[in-house]
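Reading through the structure tokens given below for one structure.
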There are 2 protein chains.
Amino acid sequence: MAVIRIENVVASTSLGRELDLQAIALALDGAEYEPKQFPGLIYRLKEPKTATLLFRSGKVVCTGAKSLEQVKTAISKVAKQIEAAGIVIKGEPKIEVQNIVASSDLGAKINLNAIAISLGLEKVEYEPEQFPGLVYRIDVPKVVLLLFGSGKLVCTGARKPEDVEAAVDKITAELKAAGLLK
Amino acid sequence: MAVIRIENVVASTSLGRELDLQAIALALDGAEYEPKQFPGLIYRLKEPKTATLLFRSGKVVCTGAKSLEQVKTAISKVAKQIEAAGIVIKGEPKIEVQNIVASSDLGAKINLNAIAISLGLEKVEYEPEQFPGLVYRIDVPKVVLLLFGSGKLVCTGARKPEDVEAAVDKITAELKAAGLLK
DNA sequence: AACCTATTTAAATACCCATTTAAATACCGT
DNA sequence: ACGGTATTTAAATGGGTATTTAAATAGGTT
């Protein structure tokens, strides 16, 4: 079984009401808010190490967490700090994981050129002079894998950890079946 | 009967004599006059919300009004302000509506691809990757309709409100006859 | 050599800008 | 004589702006 490491969890939720980002920018130390550059306010926490984006609509996006637990902790902390500044918000609703980025290792070097040819041009994109990784799209679970010559890989687009597991199992089986791994 | 909303009326007239745009630019607060960029002086009114263009020849173009009434009000206001600055002009002659832009809604989603095929290539232009709307030209009244998948539409080129009404009735009848609406 | 930067992928969020159409006006450049 | 330049306005769509993260390359900078 391949060891999978979750590298980044992106999740969204809502604070339930419109936010005065200008006021929040002043209340949260270190907050970055440059509306003409980007409409969201960016606020980073050192623990869990995350970057939370707050929007005028009250919608929130949390990035950088390593688990759903960290996402919850981060959003709670941010909400608490906003409330501490006297800004009213509603107890946040459900948190939805929008994307999970994970890494793994197939355990052996692989020949990307050979894989690009046998795995079919429809789901494979490989332009080494543009990017060293081979892009492989899987329909179920709907994720994208970036395969590298070292055997290491990146999985993105997953909604839950099991999707990553399924994807890695799938590519492993396919490569072995084609004699391109081990 | 489809609800039609007039979004913009463009009209022209003349103040009767040559104008010293440089002097008017100084007299009208907020006026924009950059002759090397555009020969006309641009002057905006907040009420009615319009943009009036004044030319050296004394010709005037008013844009942004929602009705002929607003056009008249806007031009009168501008003329008054110019006279108040001690600049002599003649009581403005007839105002001619040059273009009316209006929007409406067919009430149901429509299939632009199907419409592009059945309505004939001669009067239809549809390049979704360039612009999401389908361009449909009508000869009488001579207007152009922009049809969108949502069923909403834009009519431009009309000279009077009745032209818009006639155009919407026409496209509605044609689409229904072809079984492309409702 | 040790750093940065960029490259690619996904996702939510939400702003701006361009796209297209018509019309009058007028001035410059090809 | 056209084709920009500028003004207004709706419709809906795409792209760029910013955030995070791993992988492995190239290129540039101290």
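Within every chain, numbering begins at 1; the chains are lettered A, B, ... in the order of the sequence lines, protein sequences first and strands thereafter. Note that this is a predicted model, so its numbers are computed, not measured.
Following chains of ILVMFWY side-chain contacts shorter than 4.5 Å, one can reach Val124(B) starting from Val168(B), so the two form part of one hydrophobic cluster. Hydrophobic clustering (side-chain heavy atoms under 4.5 Å, transitive across Ile, Leu, Val, Met, Phe, Trp, Tyr) keeps Val154(B) apart from Ile110(B). No single ILVMFWY cluster, assembled from side-chain heavy atoms under 4.5 Å apart, contains both Ile171(A) and Val144(A). Hydrophobic clustering (side-chain heavy atoms under 4.5 Å, transitive across Ile, Leu, Val, Met, Phe, Trp, Tyr) keeps Tyr43(B) apart from Phe55(B). Leu41(A) and Leu19(A) end up in the same hydrophobic cluster when Ile, Leu, Val, Met, Phe, Trp and Tyr side chains are linked at under 4.5 Å.
Looking at residues 21-44 of chain A, you'll see Phe38(A), Pro39(A) sit with a heavy atom under 4.0 Å from some atom of DNA chain C. Within residues 136-146 of chain B, the residues approaching DNA chain C are Arg137(B), Lys142(B), Val144(B), Leu146(B), by heavy-atom distance under 4.0 Å. Of the residues in residues 115-133 of chain A, those with a non-hydrogen atom less than 4.0 angstrom from any atom of DNA chain C are Glu125(A), Gln130(A), Phe131(A). Near-neighbour residues of DNA chain D inside residues 156-182 of chain A, defined by a heavy atom below 4.0 Å, are absent. Residues of residues 54-65 of chain B having a heavy atom closer than 4.0 Å to DNA chain C, listed by number: Phe55(B), Arg56(B), Ser57(B), Lys59(B), Val61(B). Contacts between residues 99-113 of chain B and DNA chain D, defined by a heavy-atom separation under 4.0 Å, are made by Val101(B).
Summarising the geometry, atom NZ belonging to Lys72(A) is positioned 9.5 Å from atom OG belonging to Ser67(A); distances are rounded to the nearest 0.5 Å.
Side-chain N or O atoms of Lys66(A) include one that pairs as donor or acceptor with a backbone N or O of Glu7(A) at under 3.5 Å. Side-chain N or O atoms of Thr63(B) include one that pairs as donor or acceptor with a backbone N or O of Ala51(B) at under 3.5 Å. Side chain of Lys170(B) to backbone of Pro141(B): no donor-acceptor contact under 3.5 angstrom is found. In this structure, Thr13(A) contributes its side chain and Lys94(A) its backbone to a donor-acceptor pair below 3.5 Å. Here the side chain of Lys182(A) pairs no donor or acceptor atom with the backbone of Gly107(A) at under 3.5 angstrom. In this structure, the side chain of Arg159(A) engages the main chain of Val97(A) through a donor-acceptor pair within 3.5 Å. Side-chain atoms of Ser150(B) never come within 3.5 Å of backbone atoms of Lys109(B) as a donor-acceptor pair (strictly under, hydrogens ignored).
Counting non-hydrogen atoms under 4.0 angstrom, Ser150(B) reaches the backbone sugars and phosphates but no base.
Here Lys152(A) pairs with nothing under the salt bridge (charged side-chain N to carboxylate O under 4.0 Å, His left out) rule; sequence neighbours left out. Applying the side-chain hydrogen bond (donor to acceptor under 3.5 Å, both in side chains) rule to Glu162(B) yields no partners; only residues at least two apart in sequence or on another chain are considered. By the side-chain hydrogen bond (donor to acceptor under 3.5 Å, both in side chains) test, Asn8(A) is found to be paired with no residue, residues two or more places apart in sequence or in another chain being considered.
The nearest pair of heavy atoms linking Glu165(A) to Ala2(A) is OE2-O, 4.4 Å. Counting all heavy atoms, side chain and backbone alike, Pro39(B) lies closest to Leu21(B) at O-CD1, 3.5 Å.
Two end axes, each from the C1' atoms of five base pairs, can be drawn for the helix from dA1(C)-dT30(D) to dT30(C)-dA1(D); they diverge by 120°, to 10 degrees.
First and last contacts of DNA chain C with chain B, using any nucleotide atom under 4.0 Å from a protein heavy atom and ordered 5' to 3', fall at dT19(C) to dC27(C).
Sorted by first and then second residue, the side-chain hydrogen bond (donor to acceptor under 3.5 Å, both in side chains) pairs with a member in residues 116-127 of chain B read Glu125(B)-Arg137(B); sequence neighbours excluded.
The existence of a salt bridge linking Arg44(A) and Glu32(A) is confirmed by a sub-4.0 Å separation between a basic side-chain nitrogen and an acidic carboxylate oxygen.
When the nearest nucleotides of DNA chain D are assigned to Thr50(B) and Phe148(B) by heavy-atom distance, the more 5′-ward of the two goes with Thr50(B).
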Test side chain to side chain contact (heavy atoms under 4.5 Å, CB included) on Leu54(B) and Ile82(B); report intermediate values, then the result. CA-CA 11 Å; Leu54(B) 300 176; Ile82(B) 291 176; 3.7 Å; yes
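Contact of the Leu147(A) side chain with the Leu112(A) side chain is registered, since non-hydrogen atoms from C-beta on lie closer than 4.5 Å.
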